[in-house]
Peer 1: 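I am attaching a structure below and will ask some questions about it afterwards.
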Amino acid sequence: IAIGNPADGFYVLRAVRESGGWGESATDQEIVEGIKLLARTEGIFTEPAGGTTVAVTKKLIEQGRIPRDESIVISITGNGYKTIEAVLDTVEQPYRIPARLADFDELYGRLAGSREAATAG
C-alpha cells in the first residue's frame, strides 16, 4: 500500500492467475470504510493493509466470487495505531475533560440528553 510498485507484485499476480483465484483493488475511501467496519463490528482497529483486506473481501463477496453462506477467514496483522493518520480526519474525536467526577457527570448528562432528543424527534 505504501509502495506504488511493490517488488512482489509480479509474483502475487502470477500466483493469483495460476491458482485460479481472484484479486481486487480498493480506493482510499473503501480502505477507510473497511477499517471502520472492522472496528464497529469486531472491535479491531487495523491499519490500512487490514482495511484493504476487509474492503476487498467485501467486494469479492458482493461479486459472488466468495460465497455469502460460507465461513471465511481473513488475516489482519497490523494495528491501527501504527498509521492513525490514515483515519484521523474521518472519525469522531474524543471528548476531553478534566479528571473530575463532576466533569464526567456533566458530559454524560449532555450526551444522554442529546441522545434522548435525537430518538424523540
Side-chain angles (χ1 to χ4, degrees):
I1 291 174
I3 302 170
N5 187 14
D8 294 338
F10 168 79
Y11 301 104
V12 170
L13 184 57
R14 185 169 78 183
V16 169
R17 287 179 176 157
E18 288 176 359
S19 69
W22 299 98
E24 187 54 82
S25 63
T27 65
D28 288 349
Q29 182 59 36
E30 290 168 333
I31 292 169
V32 170
E33 290 303 316
I35 291 169
K36 292 163 85 173
L37 176 65
L38 190 63
R40 187 175 59 252
T41 60
E42 304 300 327
I44 297 170
F45 179 36
T46 187
E47 64 177 329
T52 302
T53 302
V54 172
V56 167
T57 300
K58 184 174 181 275
K59 278 184 164 182
L60 292 173
I61 291 170
E62 289 168 352
Q63 293 170 6
R65 301 194 190 282
I66 296 175
R68 289 182 180 275
D69 59 347
E70 291 184 14
S71 294
I72 62 166
V73 176
I74 61 174
S75 180
I76 306 295
T77 59
N79 188 298
Y81 290 110
K82 199 163 101 175
T83 53
I84 198 160
E85 67 278 0
V87 295
L88 200 54
D89 295 334
T90 66
V91 295
E92 188 174 321
Q93 296 302 302
Y95 294 95
R96 296 173 193 248
I97 60 172
R100 293 189 305 255
L101 185 56
D103 293 308
F104 172 81
D105 288 341
E106 188 272 327
L107 176 61
Y108 181 81
R110 269 196 352 239
L111 295 174
S114 65
R115 191 176 320 121
E116 289 173 9
T119 58

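Scope of the values below: all heavy atoms of this structure, side chains included, with no hydrogens, waters or symmetry mates.
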Peer 1: If the condition is side-chain hydrogen bond (donor to acceptor under 3.5 Å, both in side chains), which residues does Gln29 pass it with, not counting sequence neighbours?
Peer 2: Glu33

Peer 1: Please list, chain by chain and in numerical order, all residues satisfying side-chain hydrogen bond (donor to acceptor under 3.5 Å, both in side chains) with Arg100, sequence neighbours excluded.
Peer 2: Asp103

Peer 1: Output all residues satisfying ring-ring contact (aromatic ring centres under 6.0 Å, His included) with Phe10, sequence neighbours left out; order by chain, then residue number.
Peer 2: none

Peer 1: Could you see if Leu111 belongs to whatever hydrophobic cluster contains Phe104? Use Ile, Leu, Val, Met, Phe, Trp, Tyr and a side-chain cutoff under 4.5 Å.
Peer 2: yes

Peer 1: What distance do Glu24 atom CD and Glu30 atom CD have between them, rounded to the nearest 0.5 Å?
Peer 2: 8.0 Å

Peer 1: Which donor-acceptor pairs under 3.5 Å do side chains of residues 65-81 form with protein atoms, sequence neighbours excluded?
Peer 2:
| unit_1 | atom_1 | unit_2 | atom_2 | d |
| --- | --- | --- | --- | --- |
| Arg65 | NE | Gln63 | OE1 | 3.0 |
| Asn79 | OD1 | Tyr81 | N | 2.7 |

Peer 1: Applying the side chain to side chain contact (heavy atoms under 4.5 Å, CB included) test to Ile31, which of Val56, Thr52, Val54, Thr53 qualifies?
Peer 2: Thr52

Peer 1: Of all the heavy-atom pairs spanning Tyr95 and Leu107, show the shortest one and how long it is.
Peer 2: CB-CD2, 3.6 Å

Peer 1: Just verifying a value: how many Å separate Thr46 OG1 and Leu37 CG, rounded to the nearest 0.5 Å?
Peer 2: 12.0 Å

Peer 1: Kindly compute the distance separating NZ (Lys59) from OG (Ser25), expressed to the nearest 0.5 Å.
Peer 2: 4.5 Å

Peer 1: For the atom pair CG (Leu101) and CD (Glu106), what is the distance rounded to the nearest 0.5 Å?
Peer 2: 12.0 Å

Peer 1: Run the side-chain contact (heavy atoms from CB on, under 4.5 Å) test against Val87 and tell me which residues pass, sequence neighbours left out.
Peer 2: Val32, Ile35, Phe45, Thr90, Val91

Peer 1: Give the minimum heavy-atom separation between Leu60 and Gly23, together with the two atoms involved.
Peer 2: CD2-O, 4.3 Å

Peer 1: Once you round to the nearest 0.5 Å, how far does CZ of Arg14 lie from CG of Asp8?
Peer 2: 11.0 Å

Peer 1: Output every pair passing ring pair (Phe, Tyr, Trp, His ring centres under 6.0 Å) with a member in residues 49-76, not counting sequence neighbours, ordered by first then second residue.
Peer 2: none

